[in-house]
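First comes the structure, then the notes that go with it.
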Amino acid sequence: QVHLVESGGGLVQAGGSLRLSCAASGRTTGSTYAMGWFRQAPGKEREFVGAIWWLGGYTYYADSMRGRFTISRDNAKNTVYLQMNSLKPEDTAVYYCAARTGSGNIYYTDSYGSWGQGAQVTVSS
């Protein structure tokens, strides 16, 4: 099983920036093809943010995040990043990274086999 540890959350003003990190250990090759980012606000369902493929660094983002959020990876360090710019109060949520270890649509939580512990991001006005 892939073990994921997140860091970098915090409190920022609207319009500010944060970068989250997700360090992976364990079996990250062979069956682990992509990493996803999700977020969950109080009283809301877990929402897809974006995903990145290990090979080539191809990325895909949810419409509301495209242009503001950037996902990157460092294969040598087995680490993925979520750079968040122009943050809005509605971005306040717990952010989770996840490892896609099998087939399945990247939008759905069931497509991911391992999850980070979550990082709280709070954006004030």
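Source: prediction; values computed, not measured.
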To the nearest 0.5 Å, how far apart are OH in Y81 and OG1 in T70?
14.5 Å
If we only count heavy atoms from C-beta on, is the M84 to D91 side-chain gap below 4.5 Å?
no
Correct closest heavy-atom pair for S86 and R68 would be O-NH1, 3.1 Å
Out of curiosity, does V49 fall in the hydrophobic cluster containing W53 (side-chain heavy atoms, cut-off under 4.5 Å, transitive links)?
no
Go through the steps to decide whether L4 and M35 satisfy the test side chain to side chain contact (heavy atoms under 4.5 Å, CB included), and finish with yes or no.
CA-CA 10 Å; L4 306 175; M35 298 288 292; 3.7 Å; yes
Could you work out, with side chain to side chain contact (heavy atoms under 4.5 Å, CB included) as the rule, every residue matching A23, not counting sequence neighbours?
T79
Enclosure of E45 CD (heavy-atom neighbours >12, cutoff 6.0 Å):
no
Hey, quick one: are V123 and Y95 part of the same hydrophobic cluster, counting side-chain heavy atoms closer than 4.5 Å, chains of contacts allowed?
yes
How close do V2 and A24 get, heavy atom to heavy atom, and via which atoms?
CG1-CB, 4.1 Å
Is it true that a side-chain atom of E6 and a backbone atom of L20 form a donor plus acceptor pair closer than 3.5 Å?
no
Within the distance-only criterion (no hydrogens, no angle test), does the side chain of T122 pair as donor or acceptor with the backbone N or O of T92 below 3.5 angstrom?
no
Once side chain to side chain donor-acceptor pair (under 3.5 Å) is applied, what residue pairs with a partner in residues 106-119 remain, sequence neighbours excluded?
Y60-Y107
Quick one: closest heavy-atom pair of Q83 and S17, and the distance?
NE2-CB, 3.9 Å
M65 and Y96: same hydrophobic cluster, using ILVMFWY side-chain contacts below 4.5 Å?
no
Sub-4.5 Å side-chain heavy-atom contact between I52 and W37:
no
Pair R66 + D63: basic N to acidic O under 4.0 Å:
yes
Spell out, yes or no, whether L18 and L11 are grouped together once hydrophobic residues are joined by side-chain heavy atoms under 4.5 Å, including indirect joins.
no
Taking atom NZ of K88 and atom OG of S64, what is their separation to the nearest 0.5 Å?
8.0 Å
Check whether any side-chain heavy atom of W54 sits under 4.5 Å from a side-chain heavy atom of V80, and report yes or no.
yes
So which heavy atom on A93 is nearest to which on Q120, and how close?
O-NE2, 3.5 Å
Is there a path from F38 to Y61 through hydrophobic residues (I, L, V, M, F, W, Y) whose side chains come within less than 4.5 Å of each other?
no
Minimum heavy-atom separation for A14 and S125, please, with both atom names.
CB-CA, 4.4 Å
